[in-house]
Protein chains: 2
Amino acid sequence: MPPRQTDLSDAELEVLKALWDLGPTSVRDVMNHLHAQGRELAYTTVLTFLTRLKAKKYVTSKKSGQAYIYKARVSREKVTGTRLSSLIEQLFDGASAPLVLHLVQSNKLSPDEIGELRRMLEDLDAASSDVEGDD
Amino acid sequence: MPPRQTDLSDAELEVLKALWDLGPTSVRDVMNHLHAQGRELAYTTVLTFLTRLKAKKYVTSKKSGQAYIYKARVSREKVTGTRLSSLIEQLFDGASAPLVLHLVQSNKLSPDEIGELRRMLEDLDAASSDVEGDD
DNA sequence: GACGAGCTACGACGGATGTAGTAGGTTGTC
DNA sequence: GACAACCTACTACATCCGTCGTAGCTCGTC
C-alpha cells in the first residue's frame with residue numbers, strides 16, 4: 001500500500017500550531033507569528049502549508065474581503081493525542097505505561113511536576129475508588 | 001537549512017527494532033522477523049533499509065561467510081529517548097509534564113499501570129526524601 | 001483608468017522515503 | 001565445471017516534504 005498522505009507533516013504541524021495560538025486568521029498573520037518565533041518562511045510557503053492543511057481537512061478557510069481566513073478544524077488536544085498514540089504505538093507497541101516510566105526514570109520531570117502527578121493519581125484513585133490488594 | 005537526513009524514518013525504525021529484538025543477525029533473519037509480524041517486505045527492501053541505517057550510522061555490519069551480519073549501534077533506550085524528546089519538543093514545547101498529564105487524563109493508562117506509576121513515584125519520593133507542604 | 005500592493009493558484013525542484021528489480025559475484029552440489 | 005541458490009550493489013521510481021517563484025486577479029489610490 002502507498003504511504004499515508006493524510007498525516008500531518010512536521011512543518012504543517014508548525015503552521016497548525018500557529019493557528020491554534022492565533023485563532024482564525026490570515027496567511028500573513030500566520031507568517032508573522034512564525035517569524036516572531038524565528039521561523040523564517042516565505043509567504044507562499046506558509047500559503048502552501050495552509051493549502052495542504054486544507055486539503056487534508058485540518059483547517060477550513062473562508063474568504064473575507066480579499067484574503068482568506070484560516071481556521072483550525074481540529075483541536076490541539078486531538079492532534080496531540082493522535083501523535084502521542086502513534087509514537088507510543090511505534091516505540092512501545094501501544095503500551096503507555098513504559099513511556100511514563102521512561103519519562104519519570106530519565107529525570108525529565110521536576111519535583112514539582114512529580115508532586116502534581118502524584119496528586120493527579122490520588123484524585124484518580126479517589127474518583128474510581130479502586131482497591132488494589134496484590135501486594 | 002536543508003532537512004535533516006540523519007534521522008530515522010519510520011520504516012527504518014521498524015527494521016532497527018527487529019535488530020533490537022533479534023540481536024546481531026542477517027538480512028534474511030530480519031526479513032523473516034518482519035514477516036512474522038505481518039510486515040511483508042521484499043528481501044531487497046530490507047537490505048535497502050539496512051544499508052541506509054548503516055549509512056546513517058545506526059547499525060554496523062561485518063561479513064560472516066557469504067552474508068553480512070548487521071548489528072544495532074544505538075540502544076533502544078537512546079532512540080526512544082530521542083524520539084520522545086522530539087515529540088515533547090514539538091507538541092509541548094519541551095515540557096514533559098503536560099504529556100504525562102495528557103496520558104493520565106486521557107485514560108490511556110490501565111488501573112494496573114496507574115498502580116505501578118504510583119509505586120514508582122513513592123519510590124522516587126522515598127529516595128529523595130522530599131517534602132511538600134504547599135497544600 | 002493606470003499603478004502598485006496584496007492575495008491566491010499552480011507549478012517547480014531537490015532531497016527523503018518506501019518499495020523493489022536486476023545484475024553480477026560466491027559457493028555448495030552433482 | 002556447470003547450475004542453482006543466495007548474497008550484495010546499484011538503480012529506479014512514485015510520492016511526500018520543505019520551500020519558493022511566478023502569473024494573474026483584485027482593489028484602493030492618484
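Values below: every heavy atom of this structure, side chains too, minus hydrogens, waters and symmetry copies. A note on names: the letters A, B, ... follow the listed sequences, proteins ahead of strands, and every chain is numbered from 1.
Here the nucleotide nearest the side chain of A:Leu47, chosen from C:dA9, D:dC6, D:dC20, is C:dA9. Of the listed nucleotides (C:dA20, C:dC7, D:dC6), C:dA20 has the atom at the smallest distance from the side chain of B:Leu41. Across D:dC7, C:dT8, C:dT19, the shortest atom-to-atom separation from the side chain of B:Gln66 is found for D:dC7. Distance from the side chain of B:Lys56 is smallest to C:dT17 among C:dT19, D:dC20, C:dT17.
Within 4.0 Å of B:Ser9, counting heavy atoms only, lie sugar-phosphate atoms of the nucleic acid but no base atom. Note on B:Phe49: a base of the nucleic acid sits closer than 4.0 angstrom, heavy atoms only. Among the protein residues, B:Thr48 comes within range of the nucleic acid bases, having at least one heavy atom under 4.0 Å from a base atom.
OP1 and OP2 of D:dT19 both lie 4.0 Å or more from every side-chain N or O belonging to A:Tyr43. Between A:Thr44 and D:dT22 there is no side-chain N or O to OP1 or OP2 distance below 4.0 Å.
Residues A:Asn32 and A:Gln37 fail the side-chain proximity criterion, which asks for heavy atoms closer than 4.5 Å.
Nucleotides of DNA chain C nearest to A:Lys54 and B:Arg52 differ in position, and the one nearer the 5' end is that of A:Lys54.
A donor-acceptor pair shorter than 3.5 Å can be found between the side chains of B:Ser61 and B:Lys54.
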